S.K.: 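Submitted below is the structure of interest, expressed as structure tokens.
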Amino acid sequence: MSTYEQLVEDLMRKGIDVDAVKEKLKAQHIETPSWGYGNSGTRFKTFAWRGAANTVHEKLADAAYIHSLTGIAPSVALHIPWDKTDDWPALKQYAGEKGVSIGAINPNLFQEDAYKLGSICSPDAAAREDAVAHMVECCEIMEKTGSDILSVWLADGTNYAGQDDIRKRKHYLEAGLRETYKHLPSGSRMLVEYKFFEPAFYHTDLCDWGTAYAMCLKLGPQAEVLVDTGHHAQGTNIAYIVAFLLDEGRLGGFHFNARKYADDDLIVGTENPFELFTIFTELVSAGELADNVAYMIDQSHNIEPKLEAMLQSVLNCQVAYAKALIVDYKSLHEAQNGGNVLGAHRVLTDAYETDVRPLLAKVREEMGLNPDPIAAYKADDYAQKIAEERGTAAAGGGYPT
Ligand code: RM4
Ligand code: MN
Ligand code: MN
């Protein structure tokens, strides 16, 4: 008996519908970020990678390559102005020809001189106007590219007690988001991301899920919370936040990455595979409540080969999802209802400890893919080819030399 057949037998004994699990795995959708394909990294040294994408076209081509290996990464998030072009319809067409679509549009509200004291929360009216105008421009880009997500993250906050009026900034925050909300294309969503610190350290205007959720409630049904797995204090239970927001119908999406200390932007599922699994179990057990959740990677690889890092990231999400899909939820609920504390926990760990690799290999085979995407990547000459074509571009860093 093959390892796959053995696994199917074990799962069926637990009452798991393996065909349904396979269908779900084939329909998984992990969006990759354009900024993960270029040279990006820390505020210290950004190490250049030979072959890293320099243009938005190269980023889309690389994303399409990752999709061709995994079959589950069919869209790409863009950051504006990093990925700005004069001809959006042509870019949309180029993406389509490569086999990917344009996903979330991320306004950049932290890199202009005007944003020194914040963007939409700045005490400077001109900065606030610029920030809203930029987000409205991003809504127009959504129209042109067919994107249905405006993904908002602010660097706004203060560094010193008394630096600014916190409640006044809260009013500016609401006003700026409300103005932007009016320009969202119909059928699209604004995802509101939070982060508890950095670049501001005394207070952050959108610091946690409660703040983001409160803003979304004020804005309306097209506004939902985005959970970036790197943006929480040590020990925060992210699966709980996910469950709460799902149940309230306000979980819009994820930015996946792993963290050891803060917003480390490391490869999702490396530091925290069990945490990632528990997040996915909440999503799976919420059923239809999770239907519109957008799954996006938000990582900046500094010392890792870019493509291999992105590939590993997508695969780690696939493993976590597969393990969440094979949880015996019936037994879990029975154990929970019976107050069986450790029995319930063991139902989860039983799925977590299951080797899902034969299942994933089978799913990939059925999708017409190589069952081992890392081996396919290594055997392929794509990385070599782009290294030769693109060479090594200068990579910056935050400090002057
Ligand atoms: C932030 C946040 C945003 C990302 C920026 C570049 O920490 O995670 O999602 O757009 O970094
Ligand atoms: Mn993020
Ligand atoms: Mn981040």
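Whatever order the structure lists ligands and atoms in, that order sets their numbers, starting from 1. In this text, all values refer to a predicted model and were calculated from it rather than measured experimentally.
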S.K.: Can you tell which of Lys195, Glu193, His231 makes a side chain to side chain donor-acceptor pair (under 3.5 Å) with His255?
M.R.: Glu193
S.K.: Establish, from distance only, whether the side-chain atoms of Asn257 and Asp228 form a donor-acceptor pair under 3.5 Å.
M.R.: yes
S.K.: Do Glu137 and His134 have side-chain atoms, one donor and one acceptor, less than 3.5 Å apart?
M.R.: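 Checked: Glu137/His134 side chains pair up, N/O donor to acceptor below 3.5 Å.
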S.K.: Taking the six-membered ring for Trp, are Tyr160 and Tyr202 closer than 6.0 Å centroid to centroid?
M.R.: no
S.K.: Is it true that the side chains of Gln312 and Asn316 contain a donor and an acceptor less than 3.5 Å apart?
M.R.: yes
S.K.: Do we see a donor-acceptor contact under 3.5 Å between the side chains of Gln384 and Arg50?
M.R.: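 Side-chain D/A pair, Gln384 to Arg50: absent.
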S.K.: Is the cationic atom of Arg128 (NZ for Lys, CZ for Arg) positioned less than 6.0 Å from the six-membered ring centroid of Tyr172 and within 45 degrees of its normal?
M.R.: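 Yes - Arg128 lies over the ring of Tyr172, closer than 6.0 Å to its centre and within 45° of its axis.
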S.K.: So that I know where these two stand, are Tyr194 and His232 an aromatic pair - ring centroids less than 6.0 Å apart?
M.R.: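 Here the rings of His232 and Tyr194 have centres that are less than 6.0 Å from each other.
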S.K.: Can you tell me which N/O/S atom of Glu193 has the shortest distance to the Mn ion (ligand 2)?
M.R.: OE2
S.K.: So what's near the Mn ion (ligand 3), protein N, O or S atoms under 2.8 Å?
M.R.: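 Per the 2.8 Å query on the Mn ion (ligand 3), atoms found are His231 NE2, Asp263 OD1, Asp263 OD2.
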S.K.: Could you list, one pair per line, each nitrogen or oxygen of ligand 1 together with any protein nitrogen or oxygen closer than 3.5 Å, giving atom names and the distance rounded to 0.1 Å?
M.R.:
| residue | atom | partner | partner atom | Å |
| --- | --- | --- | --- | --- |
| ligand 1 | 7 (O) | Lys195 | NZ | 3.2 |
| ligand 1 | 7 (O) | His231 | NE2 | 3.4 |
| ligand 1 | 7 (O) | Asp263 | OD2 | 2.8 |
| ligand 1 | 8 (O) | Glu193 | OE2 | 3.0 |
| ligand 1 | 8 (O) | Asp228 | OD2 | 3.1 |
| ligand 1 | 8 (O) | His231 | NE2 | 3.0 |
| ligand 1 | 8 (O) | Asp298 | OD2 | 2.8 |
| ligand 1 | 9 (O) | Glu193 | OE1 | 2.8 |
| ligand 1 | 9 (O) | Glu193 | OE2 | 2.9 |
| ligand 1 | 9 (O) | His255 | ND1 | 3.2 |
| ligand 1 | 9 (O) | Asp298 | OD2 | 3.0 |
| ligand 1 | 10 (O) | His79 | NE2 | 2.9 |

S.K.: Please say whether the positively charged group of Lys323, taken as NZ for Lys or CZ for Arg, lies over the ring of Phe277, i.e. under 6.0 angstrom from the six-membered ring centre and within 45 degrees of the axis.
M.R.: no
S.K.: Between Asp156 and Ser119, is any side-chain donor less than 3.5 angstrom from a side-chain acceptor?
M.R.: yes
